[in-house]
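Below you'll find the structure, written out as structure tokens, and then a few comments.
Every value quoted in this text rests on a predicted model; they were computed, and no experiment measured them.
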Amino acid sequence: MSGTTALGESTLHQVMSELAALEDPRAREVNEKHGDDHGVNLGKLRAVAKRLKTQQELARELWATDDTAAKLLALLICRPKAFTREELDGMLRESRTPKVHDWLVNYVVKKSAHAEALREAWFADPDPVIASAGWALTSERVVKSPEGLDLGGLLDTIEAGMKEAPERLQWAMNHCLAQIGIEHPDFRARALSIGERLEVLKDYPTPPNCTSPFAPIWINEMVRRKQS
């Protein structure tokens with residue numbers, strides 16, 4: 001970008017101008033099909049982030065613009081452990097698009113000391129989109145630190161509510177169901193049974209060489225790979 005200052009001195013205006021120059025109508029068309037209102041190729045966005053490196057104050061300024069591409073860039077150059085629990089909660093509630101929501105949870109919250117407190121709070125939130133973040137963090141614990149989790153209770157909740165849950169929450173619950181089945185042999189039969197009975201995502205169109213998100217297929221395939 002012409003006029004770019006030395007590394008570490010980039011201003012908000014300059015970065016926003018660079019993002020505007022990267023706007024691609026074709027990329028926007030593809031992104032909008034997934035609910036994301038920006039037209040910046042994510043590979044190019046990551047290249048900008050790599051050049052900028054970590055800049056916490058610039059990240060805060062980018063987030064405050066409420067521009068989706070700027071928010072995504074902010075999540076790539078921020079310092080995850082610098083945010084308070086209250087800030088992260090507010091950021092999630094300001095995350096209007098799926099990609100911003102997912103990157104915030106996966107790239108920032110999971111690296112925060114507040115992840116467990118937020119997991120518990122979000123899990124019980126009445127807003128299904130916020131609750132989906134709680135389920136995403138729960139899936140992380142199912143895989144990496146299941147000690148203290150009530151896996152049977154999670155399966156009870158999934159069995160009772162996943163079928164009728166709104167889309168974002170349903171996806172997150174289904175992910176948790178699959179991870180319980182994959183990672184915990186003692187609960188595998190029940191996880192498979194719940195998936196077969198509820199049939200959530202059973203007919204989801206899956207590209208060749210990709211694993212179906214239908215939990216029984218997903219579980220069996222991942223277990224097969226682990227055992228082979």
Residue pair T157, W135: steps toward the side-chain contact (heavy atoms from CB on, under 4.5 Å) verdict: CA-CA 11 Å; T157 302; W135 278 91; 3.7 Å; yes
Between [atom1] of [X] and [atom2] of [Y], what distance do you get to the nearest 0.5 Å?
X    : Y    : atom1 : atom2 : result
K226 : M222 : NZ    : CE    : 9.5 Å
E23  : H38  : CD    : NE2   : 9.0 Å
E196 : I217 : CD    : CD1   : 8.0 Å
I182 : N220 : CD1   : CG    : 9.5 Å
T11  : E61  : OG1   : CD    : 8.5 Å
L177 : R190 : CG    : CZ    : 9.5 Å

Should [X] and [Y] be regarded as members of a common hydrophobic cluster, given that ILVMFWY residues are connected when their side-chain heavy atoms come within less than 4.5 Å of each other, either directly or indirectly?
X    : Y    : result
L72  : L76  : yes
L198 : I180 : yes
F123 : V108 : no
L149 : L118 : no
W171 : V100 : no

Short N-O contact, K144 and E183, less than 4.0 angstrom: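 Not counted as a salt bridge, because no side-chain N and carboxylate O are separated by less than 4.0 Å.
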Salt bridge flag under 4.0 Å for residues R85 and D89: no
H175: ring pair (Phe, Tyr, Trp, His ring centres under 6.0 Å) partners, not counting sequence neighbours: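 Per chain and number, H175 pairs via ring pair (Phe, Tyr, Trp, His ring centres under 6.0 Å) with W218.
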Pairs flagged by side chain to side chain donor-acceptor pair (under 3.5 Å) wherever residues 64-77 is involved - sequence neighbours left out: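 For residues 64-77, and leaving out neighbouring residues, the side chain to side chain donor-acceptor pair (under 3.5 Å) pairs sorted by first residue read D37-T68.
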Residue pair [X] / [Y], side-chain heavy-atom distance below 4.5 Å:
X    : Y    : answer
L62  : I77  : yes
R60  : L12  : no
R93  : D125 : yes
L52  : L73  : yes
I219 : L192 : yes
T211 : T206 : no
W122 : V109 : yes
C78  : W63  : no

Determine yes or no for a side-chain-to-main-chain donor-acceptor pair under 3.5 angstrom, with [X] supplying the side chain and [Y] the backbone.
X    : Y    : result
Q56  : R79  : yes
S193 : A189 : no
Q170 : K163 : yes
R141 : E147 : yes
R119 : G134 : no
N174 : P213 : yes

Ring geometry between H184 and F187 (parallel below 30°, tilted from 30 to 60°, perpendicular above 60°): perpendicular
From CA spacing to verdict: side-chain contact (heavy atoms from CB on, under 4.5 Å), K44, D24: CA-CA 11 Å; K44 294 180 179 179; D24 181 347; 5.7 Å; no
Measure across [X] and [Y] and return the closest heavy-atom pair with its distance rounded to 0.1 Å.
X    : Y    : value
S139 : A172 : OG-O, 4.1 Å
L154 : T138 : CD1-CG2, 3.8 Å
F214 : V200 : CD1-O, 3.3 Å
S112 : P80  : CB-O, 4.4 Å
L137 : V105 : CD2-CG1, 4.0 Å
M16  : A70  : SD-CB, 3.7 Å

Does [atom1] in [X] sit with more than 12 non-hydrogen atoms of other residues, nucleotides or ligands closer than 6.0 Å?
X    : atom1 : value
Y204 : OH    : no
K110 : NZ    : yes
E120 : CD    : yes

Chi angles and distances behind the side-chain contact (heavy atoms from CB on, under 4.5 Å) call for L22, L45: CA-CA 8 Å; L22 291 174; L45 189 76; 5.9 Å; no
